[in-house]
Amino acid sequence: MRMLKNNLGHPGIGSGHQLKKACEDYWTGEISRDELFQAARKVRVKSLKQHQKAGTDLIPCNDLSFYDHILDMTLMLGAIPRRYSPVLSQVPENSEIDLYFAMARGYQKDGLDIPAMEKTRWFDSDYHFVVPEFTANQRFKLFSQKAFAEYSSAAHILGTSPKPVITGPVSYLLLGKEEDSEYGKAENFKRIDLIKRLVPVYVEIINLFKGYGAKWIQIDEPFLGMDLQDEEKAAFEYAYMEISMKCAGIKILLTSCVGSLGENTALAIALPVAGLHVDVMRGAEQLDELLQRFPQGRWLSLGLAGGERFMKNKNQDSLRIIEKAGKVIGADRLMIAGYTALISAPVNL
């Protein structure tokens with residue numbers, strides 16, 4: 001059997017920066033909401049057809065963002081800071097996309113003056129994401145349906161099941177920050193404490209994707225490549241045991257994305273998922289330990305090519321890694337991928 005070709009995510013800006021320009025035109029009022037969505041659809045369709053033409057087996061969807069993929073998750077999970085409520089409640093002509101952009105850029109019109117959410121660097125890249133805000137009394141609920149609409153559209157265009165991409169629950173919490181609520185600051189509150197409130201919404205999301213026909217779902221947990229506290233490791237164990245028990249019939253591809261798993265190798269391997277993606281381009285030293293411990297019957301996705309800073313691949317090195325892994329895992333359980341999503345890659349390449 002042949003190995004599967006897997007892509008973790010594709011540049012969403014468009015080869016001529018079409019989506020970026022469309023967003024800017026929407027912000028200045030030069031185009032309508034429908035024209036903005038049409039521009040996004042054109043970029044998505046082109047990306048999907050490029051994947052199909054290239055023979056990609058696991059074609060990503062929900063990887064296109066109007067502004068930031070972490071902000072997309074914040075909207076999807078209903079973790080919207082209260083200060084943005086007037087954007088919809090006081091301005092009837094606004095819609096979800098206006099709320100989204102208000103969180104990203106602030107909102108200074110219609111008698112409102114609401115600052116944007118904080119932005120910070122995405123690990124060691126030049127990309128900046130919108131930082132989620134959490135309070136001790138934080139509640140989560142499924143809010144945005146964008147990801148499901150994009151899945152349905154992609155499945156129709158491809159004639160087969162694409163692979164939805166979402167940020168995982170533990171990394172989503174760790175990427176955020178603690179904030180005071182209207183009741184003040186809770187003593188000793190840590191955002192990781194919210195994991196048991198958050199996971200049920202993830203279970204709902206994953207099962208909805210399964211209901212739409214998804215066979216695989218990619219869950220990105222970049223913090224698997226970082227130093228973790230005991231309570232954070234426990235959060236991983238809790239989250240993925242719950243997902244495993246309550247989301248039967250859909251394969252979870254857990255994606256670490258950022259360098260070596262290091263001391264988290266045993267943790268990542270023990271999590272009950274169908275497949276694990278690892279960066280063996282920047283974390284080649286982890287491969288031997290990984291192969292020694294890797295569970296029988298699980299899929300291994302090898303991150304072999306550049307993603308953030310696109311570079312010429314060293315094919316002989318990649319072939320040696322593939323051959324080595326294939327002897328242990330079996331070619332029918334291997335996936336070949338970039339080490340991370342291609343979001344920041346030069347789009348014309």
**Asked** Between Glu232, Glu178, Glu133, which is the residue that forms a salt bridge (Lys or Arg N to Asp or Glu O under 4.0 Å) with Arg191?
**Response** Glu178

**Cation-pi check, Lys177 onto Phe134 ring (under 6.0 Å, within 45° of axis)** = no

**Request:** Answer yes if the side chains of His277 and Ser301 hold a donor-acceptor pair under 3.5 Å, and no otherwise.
**Result:** yes

**Item:** Closest heavy-atom pair and its distance - Asn207, Cys247
**Value:** OD1-CA, 3.5 Å

**Request:** List the atom of Met3, the atom of Asp57, and the distance in Å for their closest heavy-atom pair.
**Result:** O-OD2, 4.1 Å

**Complete:** Applying side-chain hydrogen bond (donor to acceptor under 3.5 Å, both in side chains) to Asp113 and not counting sequence neighbours gives Gln108

**Asked** Would you say the side-chain atoms of His51 and Asn7 include a donor-acceptor pair closer than 3.5 Å?
**Response** yes

**Prompt:** Just checking, any donor-acceptor pair under 3.5 angstrom between side chains of Thr265 and Arg293?
**Reply:** no

**Flag for Thr135-Glu179: side-chain donor and acceptor within less than 3.5 Å** = no

**Message:** If you take the centroid of each ring, where Trp contributes its six-membered ring, are Tyr84 and Tyr107 closer together than 6.0 Å?
**Reply:** no

**Any side-chain donor near an acceptor of the partner, Asp72 and Ser65, under 3.5 Å** = yes

**In one Ile/Leu/Val/Met/Phe/Trp/Tyr side-chain cluster, 4.5 Å: Ile59, Phe148** = no

**Item:** Side-chain cluster (under 4.5 Å, hydrophobic types only) that Met245 belongs to, other residues
**Value:** Met241

**Item:** Heavy-atom pair of closest approach, residues Ser256 and Val278
**Value:** OG-CA, 3.7 Å

**Request:** Applying side chain to side chain contact (heavy atoms under 4.5 Å, CB included), name anything that partners Ser161, two or more places apart in sequence or on another chain.
**Result:** Tyr151, Lys215

**Message:** Is any side-chain heavy atom of Pro295 closer than 4.5 Å to one of Ile269?
**Reply:** yes

**Prompt:** So is Lys163 actually on top of Trp216's ring, under 6.0 Å and inside 45° of the axis?
**Reply:** no

**Message:** For the residue pair Asp98 / Tyr26, report whether a side-chain donor-acceptor contact shorter than 3.5 Å exists.
**Reply:** yes

**Prompt:** Does one side chain, of Tyr240 or Glu221, offer a donor that lies under 3.5 Å from an acceptor on the other?
**Reply:** yes

**Asked** Do Glu96 and Ser144 meet the criterion of a side-chain donor-acceptor pair at a distance under 3.5 Å?
**Response** yes

**Any Ile166 side-chain heavy atom under 4.5 Å of Tyr172 side chain** = no

**Message:** Ring centres under 6.0 Å, that's the criterion: do Tyr100 and Phe143 meet it?
**Reply:** no

**Message:** Do Ile114 and Val87 have side chains that approach each other closer than 4.5 Å (heavy atoms only, starting at C-beta)?
**Reply:** yes

**Request:** Begin with the C-alpha distance, continue with both residues' side-chain angles, and end with the deciding distance and a verdict on salt bridge (Lys or Arg N to Asp or Glu O under 4.0 Å) for Arg44 and Glu150.
**Result:** CA-CA 9 Å; Arg44 283 199 307 271; Glu150 290 193 4; 3.4 Å; yes

**Prompt:** Closest approach of Ala274 and Arg298, non-hydrogen atoms and distance?
**Reply:** O-CG, 3.2 Å

**Asked** Rounded to the nearest 0.5 Å, how far does CG of Leu287 lie from NZ of Lys324?
**Response** 5.5 Å

**Asked** What distance separates Asn6 CG from Thr56 OG1, expressed to the nearest 0.5 Å?
**Response** 9.0 Å

**Fill in**
Rounded to the nearest 0.5 angstrom, the OG-CD distance for Ser244 and Glu242 is 10.0 Å

**Request:** Treating Ile, Leu, Val, Met, Phe, Trp and Tyr as nodes and any side-chain heavy-atom pair under 4.5 angstrom as an edge, say whether Ile219 and Leu261 lie in one connected cluster.
**Result:** yes

